Amino acid sequence: MNAYLKRVLAAGVVLGALGGAPALAKDLVMGRSTPQTVLDPHFTVQPTGNAMATDLYDGLVFFGEDLQLYPALATSWEPIDELTWEIKLRPNVRFHNGAKFTAKDIEYSLKRAGSMPNSPSPVTPQVAAVDEVEVVDDLTVRIKTKVPTPLLMNQIGEVFITSSEFGDVDTADFNSGKAAVGTGPYRLVSWIPGEAAELEANPEWWGGQPEFENVTVKFIADSSARVAALLSKQVDVIDAVPSEDVDFLRGQSGVEIHSSPSVRLLFLYLDLVNDNSPFVTDHEGRPLDINPLKDVRVRKALSKLIDREAITDHVFARLATPAGQVAVEGQGGYSKSLVPDQYDPDAAKVLLAEAGYPDGFGLTLHCATDRDVNTADAIQAMAQMIARGGIRINAVDCRPYSVYSAEATKGEYSAFMWGRSDKRPDTSLNLRNGYMTYDIDAGVGAWNRGRYSNREFDNLVQLALQEFDTEKRYDLLRQATEILIGEDMAILPVYFLNATWATRDGFTFDANKKVETSAQHVHAK
Amino acid sequence: MTTQSSVTRPVPSKRLSVPIDEREPSLLRLFFLDFIRSKTAVVGLIVITSIIVAVVLAPVIAPQDPYDLSQLNILDGRLPPGSVGVDGNYYLLGTDGQGRDMLSGILFGLQTSLLVGVGSAFVAAIIGSILGLLAAYFGGIVETLVMRFVDLQLSFPTILTGLMILAVMGKGIVNVILALIIVEWAIYARTARASALAERRREYIEAAETLALPKWRIVLRHLLPNCIPALIVIATIQIAHAIAFEATLSFLGLGVPITEPSLGLLVANGYRYMLSGDYWISFLPGLALLITIVSINLVGDHLRDILNPKNKR
């Protein structure tokens with residue numbers, strides 16, 4: 001055979017192989033807006049910093065698109081008495097390293113999640129109700145709670161299960177990949193913080209063969225760069241599509257936008273505890289030794305100064321919804337009477353005058369630049385509106401999330417934007433963790449950065465948490481929310497984000513309320 | 001620029017009234033005649049002068065105070081050039097994402113840019129020149145100390161040094177100027193030393209030393225004036241450099257506050273809308289930045305040519 005023929009044959013073989021490629025399982029490249037900050041699923045509940053956790057690990061249950069519970073590692077759960085739940089586990093589940101999944105792993109994971117030091121958004125509240133975990137046999141656990149806890153599964157269902165075989169490991173062991181071993185549909189191949197992560201399919205996953213053989217997650221914080229990566233086909237799907245590009249992308253062939261109203265609420269925290277609030281001044285910029293934000297009339301005036309519809313229309317191209325409370329419609333605890341405040345500068349002026357600030361006062365607004373989409377634009381728009389209402393805006397200061405979240409949690413700001421996703425069936429845990437009087441020993445109010453405190457509200461939430469009857473529980477939560485927002489305006493709810501994703505030809509995405517950008521939501525066409 | 005205006009004043013009238021000037025032409029006049037020989041430099045000077053006038057008058061001529069949030073309206077966001085807003089405002093150059101009038105934004109942004117550029121160049125020039133002169137005049141340990149420090153400073157990429165300084169000190173105009181001074185003084189020090197070393201061996205310095213004049217007087221009254229031409233040239237180039245540097249820092253989000261955008265921040269904000277075709281938010285401030293820097297460089301280049309004795313015919 002001459003050399004020429006050999007070459008032609010070789011080319012034929014290569015072409016044949018290429019032609020046959022689509023028959024093999026597809027690979028997926030995702031472009032994600034937020035970097036993975038840790039691989040330790042017990043370190044933080046922040047869904048974005050930890051978005052890969054849903055691919056790598058399983059929980060006892062998962063939360064469906066209707067925000068209800070579905071069996072995952074647990075197949076059934078029922079209360080034996082007021083203080084005890086019995087949970088049956090899924091048989092024949094193996095960890096990525098081959099180790100068998102048993103009740104011991106539940107005991108181990110719940111214990112580990114409850115003792116996580118220095119977390120910015122700890123998982124601790126989710127296991128605060130757990131008194132004791134009793135391993136009955138390999139596939140049965142009994143959980144004793146400190147108080148009657150009807151919502152136990154909602155709480156511990158959020159804890160991802162890791163293998164007890166690793167024993168006493170710290171976050172660094174997860175981040176190095178050593179202990180990052182779960183039961184989820186994909187297993188970790190590599191992770192370069194801030195750049196990319198590689199996953200591969202776990203063919204033995206209890207939920208069936210995952211759709212993609214290899215998954216690459218690229219972290220592309222810059223939104224234009226993310227859009228450009230999609231258009232140049234370097235990635236197959238991107239999340240957090242910038243609203244300024246939505247119309248443009250809709251016109252590109254092959255590109256599809258997937259959007260869903262989400263449970264992610266963006267709101268303004270106000271300092272409700274310090275008399276000398278760090279970023280409050282008088283109307284000429286001089287320090288002020290009383291804190292006007294502690295006056296509910298001032299908070300209500302601020303809320304009336306925010307034209308929420310202008311923000312959702314002009315900053316978010318209608319990919320956001322004005323918010324007037326912490327729950328979305330359909331979620332337990334939603335109140336029909338709490339509608340978003342209408343823009344009403346005259347009423348605000350009256351309220352400010354009543355509170356003793358006819359000339360206004362000075363305020364600096366803070367936000368994070370790289371957390372939620374367009375927050376910096378939204379807060380500048382809010383600053384415009386508040387300034388037009390006669391309140392002096394000393395500055396709008398936006399910082400990287402890593403710096404911002406630490407400072408916000410330490411109480412170093414006076415008025416600052418925050419986002420929270422509550423994807424649970426009702427608001428009980430959101431209210432408990434986010435707004436009950438801050439008490440770290442009792443495990444309540446852990447995320448209460450404004451330090452709101454109202455006994456009546458606390459009691460209602462406490463009652464709701466112990467109420468087994470769903471209707472009654474929802475009613476108690478509704479009353480609590482009406483105090484929190486309607487009476488006290490403890491935070492200013494501004495808008496619910498719509499979550500958006502874009503895919504290129506050959507892929508589609510399940511837009512979801514929970515704002516999860518995980519490989520499980522991507523499908524090949 | 002101030003020396004320029006003082007020169008231009010007497011010339012035209014003299015030409016008209018006294019066609020033949022019997023006296024030896026003054027140095028400044030020669031300088032002026034040299035300067036106008038380059039058309040591009042004159043154009044550059046005219047452009048930069050008009051920019052300075054526009055910037056100084058910005059609070060009066062700008063349709064809007066772009067830093068006063070209460071004057072902005074989000075409802076007017078991203079309007080193309082020549083649009084009319086909801087309150088009837090006319091936006092000649094369009095608006096940015098916050099509804100900020102681009103024309104006002106650019107005028108005020110130029111103000112920031114020039115303040116940062118001229119301010120930092122001026123202070124850095126004073127610090128750098130004095131240290132450079134001292135190094136050249138005294139030599140020995142002083143020279144070693146100053147010049148090794150200069151070497152150290154110049155061995156770092158300027159953008160890296162700037163980022164580090166701002167990361168430590170935080171954002172804000174004053175901090176940007178400080179960062180620029182720290183980054184730039186070394187260039188002046190090196191230039192001042194080089195020209196002072198040449199002047200140091202001249203007879204007039206020897207003469208001054210024989211008269212036992214105090215050292216400070218020799219350095220400031222005799223050495224410094226003769227090094228000034230070289231420093232002026234460096235300063236014009238460094239002003240342009242500083243403006244670009246501030247724009248870079250703001251583009252990276254480390255310069256000025258977001259509610260008081262400089263040109264760099266305006267470009268950075270508009271950059272996000274480029275894909276959607278809203279070109280004016282990025283393009284126009286970028287163009288203003290380009291014109292400013294090019295004009296300063298044209299003037300600076302020509303100054304270098306005429307102040308360089310080698311180019312004298």
Side-chain angles (χ1 to χ4, degrees), chain A residues 222-228 230-231 241-252 305-317 343 345 360 364-365 367 369-370 373-374 376-400 403, chain B residues 64-80 85-87 89 95-101 105 163 166-175 250-261 265-282:
Chain A
D222 183 88
S223 24
S224 299
R226 206 160 54 246
V227 171
L230 181 82
L231 291 175
V241 182
S243 46
E244 56 268 20
D245 290 333
V246 166
D247 289 333
F248 162 75
L249 280 174
R250 282 201 175 112
Q252 299 294 306
L305 285 176
I306 298 172
D307 187 348
R308 291 169 173 79
E309 271 177 30
I311 294 175
T312 54
D313 285 4
H314 287 84
V315 178
F316 292 98
Y343 177 59
T364 298
L365 305 179
C367 82
T369 43
D370 49 354
V373 64
N374 291 356
D377 294 312
I379 201 165
Q380 285 182 71
M382 285 160 62
Q384 292 178 11
M385 297 160 182
I386 293 173
R388 273 201 296 278
I391 289 170
R392 176 194 168 105
I393 296 292
N394 290 321
V396 176
D397 193 349
C398 296
R399 302 175 176 203
V403 179
Chain B
Q64 182 189 62
D65 177 357
Y67 298 163
D68 179 2
L69 287 168
S70 61
Q71 291 189 26
L72 309 186
N73 194 337
I74 188 77
L75 300 178
D76 285 353
R78 294 167 72 187
L79 293 178
V86 286
D87 300 327
N89 296 335
T95 60
D96 73 357
Q98 288 291 324
R100 181 179 287 114
D101 175 41
L163 284 175
L166 284 173
V168 173
M169 299 196 302
K171 290 194 223 177
I173 292 246
V174 177
N175 286 351
S250 294
F251 184 84
L252 294 173
L254 271 167
V256 294
I258 52 169
T259 48
E260 295 172 18
L265 193 54
L266 284 173
V267 173
N269 286 342
Y271 168 70
R272 294 183 299 148
Y273 304 110
M274 282 300 246
L275 277 176
S276 321
D278 300 351
Y279 67 92
W280 62 91
I281 307 176
S282 245

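Below, chain A is the first sequence line, B the second, and so on; all start at residue 1. The basis for the numbers below is simple: all heavy atoms, side chains too, and nothing from hydrogens, waters or symmetry mates. All of these numbers come straight from a predicted model, not from anything done at the bench.
With a 4.5 angstrom heavy-atom cutoff, A/D307 does not touch chain B via any of its atoms. Of the atoms belonging to B/N73, heavy atoms from both backbone and side chain fall under 4.5 Å from chain A. If you measure heavy-atom distances from A/D247 to chain B, you find no contacts under 4.5 Å at all.
Chosen from A/R399, A/R388, A/M385, the residue pairing most often with chain B at heavy-atom distances under 4.5 Å is A/R388. Among B/D278, B/T259, B/L72, the residue making the largest number of heavy-atom pairs under 4.5 Å with chain A is B/L72.
For B/Y271 against A/S224, the heavy-atom pair with the smallest separation is O-OG, 3.9 Å.
For the residue pair A/S243/A/N374, the side-chain donor-acceptor check at 3.5 Å is satisfied.
Note on A/D377 versus B/R272: salt bridge recorded, some NZ/NE/NH1/NH2 to OD/OE distance being below 4.0 Å.
Across B/L266, B/N269, B/V267, a single residue satisfies side chain to side chain contact (heavy atoms under 4.5 Å, CB included) together with B/F251, and that is B/V267.
Taking the ring pair (Phe, Tyr, Trp, His ring centres under 6.0 Å) definition, one finds that A/F248 meets it with nothing, sequence neighbours left out.
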